[in-house]
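Worksheet: one structure, shown below.
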Number of protein chains: 2
Amino acid sequence: MERPRVPTPSALDLALRSRGLRATPQRRLINDAVVVLGHATPEQVCLRVQEVAPTVSLSTVYRTLELLEELGVVSHTHLGHGAPTYHPADHADHIHLVCTRCGHIDEADVRLAAEFTERITGDNGFVLDPAHLSLHGLCAGCAGVREASAASRR
Amino acid sequence: MERPRVPTPSALDLALRSRGLRATPQRRLINDAVVVLGHATPEQVCLRVQEVAPTVSLSTVYRTLELLEELGVVSHTHLGHGAPTYHPADHADHIHLVCTRCGHIDEADVRLAAEFTERITGDNGFVLDPAHLSLHGLCAGCAGVREASAASRR
DNA sequence: TTTTTTGCAAAGTCTTTGCATGTCA
DNA sequence: TGACATGCAAAGACTTTGCAAAAAA
């Protein structure tokens with residue numbers, strides 16, 4: 001008995017269809033790139049996609065990332081002054097610690113913030129997106145340097 | 001007995017002098033504007049300063065804000081994709097809660113984060129700047145809307 | 001008088017948009 | 001077919017930089 005070959009639609013396809021939107025190769029490739037890269041700026045996503053499909057334009061990447069974010073399959077974080085980085089929405093297992101002095105990015109376990117996010121929600125009704133939590137300050141190295149130079153000034 | 005009129009140098013003046021830098025009217029005005037405005041983008045600071053000194057240019061504002069930040073008298077936060085906002089460095093009494101859906105900005109008491117920031121420092125040696133802590137998620141209103149629309153989809 | 005700072009304008013990033021063409025359903 | 005999506009190029013927002021003129025010390 002011969003079964004027709006019906007490819008299982010991906011989660012992305014389903015999300016698009018349910019909105020009456022189209023599943024295009026570009027959208028699939030851009031989503032794949034975000035998954036593979038883990039974190040990436042729009043530019044990096046574009047370069048990755050262009051390895052396979054060289055004509056995909058940066059503006060399509062921007063439009064698609066915005067769309068994917070609306071669909072809830074990716075999210076973005078501003079790690080610094082530069083371009084934001086995009087990551088899969090379920091890639092929510094760590095917090096970014098951005099050093100404002102040297103630019104180094106540490107990662108912390110998202111569970112550290114669980115209690116904190118609950119308090120915020122309790123007090124303000126604000127539902128924090130932990131994957132979007134980027135914290136700024138001084139990394140261990142730079143905090144040490146500042147400490148040392150403060151000491152030498154005494 | 002006649003005393004010579006020696007204006008007391010401001011904290012800003014002292015900070016500048018200690019670095020061999022010059023105290024110019026522009027720098028004082030820009031610092032004042034940040035203090036008065038509380039939060040402001042470079043553009044807003046510039047407009048405020050221009051009410052008093054119309055020739056001050058935006059590039060001077062950018063250069064000065066960067067300088068003031070180095071001196072530790074102001075800091076900045078990225079509240080969204082747009083321009084960063086600057087505030088006095090000692091204005092560290094609240095956390096920004098940025099709604100990623102509607103852009104609304106709530107404020108929460110910085111003490112809510114005290115325990116959290118201590119844990120981060122304990123685990124990673126990372127010294128968090130609470131004034132620079134901006135949290136992204138859904139405000140009470142938008143979280144409610146999403147909840148409601150999720151319910152209607154069932 | 002010397003060095004720093006400013007204002008202007010031009011250039012640089014990063015992002016969005018208009019529109020003709022192309023494509024999915 | 002008809003609505004939606006893409007690619008391109010141009011425009012936009014935000015920021016930085018080079019340089020001659022102006023100002024602080």
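So you know, we letter chains A, B, ... as the sequences are listed, proteins then strands, and number each from 1.
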Pairs: protein N or O with nucleotides 23-25 of chain C N or O, under 3.5 Å:
unit_1	atom_1	unit_2	atom_2	d
C:dC24	O2	A:R22	NH1	2.9

- Message: Please find the pair of heavy atoms, one from B:L58 and one from B:P42, that lie closest to each other, and give the distance.
- Response: CD1-O, 4.0 Å
- Query: Between A:H87 and A:H96, how do the two ring planes meet: parallel, tilted or perpendicular, split at 30° and 60°?
  - Reply: tilted
- For a side chain to side chain contact (heavy atoms under 4.5 Å, CB included) with A:V74, tell me which candidate from A:D90, A:V45, A:V34 qualifies. A:V34
- Query: Over how many whole Å does the gap from B:R27 atom CZ to C:dT4 atom P extend?
  - Reply: 11 Å
- Query: Distance from A:I30 atom CD1 to A:T64 atom OG1, nearest 0.5 Å?
  - Reply: 3.5 Å
- Message: What I'd like to find out is whether the side chain of A:T117 reaches to under 4.5 Å of the side chain of A:V127, using heavy atoms alone.
- Response: no
- Item | Nearest atoms (heavy-atom pairs only) where A:P88 meets A:G38 | CD-O, 3.5 Å
- Which atom of B:N124 lies closest to which atom of A:L112, heavy atoms considered: OD1-CD1, 4.4 Å
- Could you state the CD-P distance from A:E70 to D:dA5, rounded to the nearest angstrom? 11 Å
- Reported NE2-to-CZ distance for the pair B:H136 and A:F126, which is rounded to 0.5 angstrom: 8.0 Å
- Query: Going by the side-chain hydrogen bond (donor to acceptor under 3.5 Å, both in side chains) test, which pairs reach into residues 43-59 of chain A, not counting sequence neighbours?
  - Reply: A:T41-A:Q44, A:S57-A:S59, A:S57-A:T60
- Rounded to whole angstrom units, what separation is found between the CG atom of B:L65 and the C1' atom of C:dT5? 15 Å
- Starting at atom CG of A:L71, determine the distance to atom C1' of D:dA5, rounded to an integer number of angstrom. 14 Å
- Task: Specify whether B:H76 and B:Y86 have parallel, tilted or perpendicular ring planes, treating 30° as the upper limit for parallel and 60° as the lower limit for perpendicular.
- Result: tilted
- Message: Can you pull out the residues from residues 44-55 of chain B that lie within a 4.0 Å heavy-atom distance of DNA chain D?
- Response: none
- Whole-Å gap separating C1' (D:dA23) and CG (B:L16): 15 Å
Enumerate all atom pairs, one protein N or O and one N or O from nucleotides 17-19 of chain C, separated by less than 3.5 Å.
unit_1	atom_1	unit_2	atom_2	d
C:dG18	O6	A:R63	NH1	3.4

- Item | Closest approach of A:C46 to A:V56 (non-hydrogen atoms, all atoms of both residues) | SG-O, 4.1 Å
- Query: For the pair made of CD in A:E69 and C1' in C:dT16, what is the distance, rounded to whole Å?
  - Reply: 16 Å
Pairs under 3.5 angstrom, nitrogen or oxygen only, protein versus nucleotides 10-15 of chain D, please.
unit_1	atom_1	unit_2	atom_2	d
D:dT15	OP2	B:Y62	OH	2.1
D:dT15	O5'	B:Y62	OH	3.1

- Point-to-point distance, once rounded to the nearest 0.5 Å, from CG of A:L47 to CG of A:L37: 9.5 Å
- Query: Once you round it to whole Å, what is the distance between P of C:dG7 and CG of B:L29?
  - Reply: 10 Å
- Could you note down all residue pairs passing side-chain hydrogen bond (donor to acceptor under 3.5 Å, both in side chains) where residues 24-36 of chain A supplies at least one of them, sequence neighbours left out? A:D13-A:R28
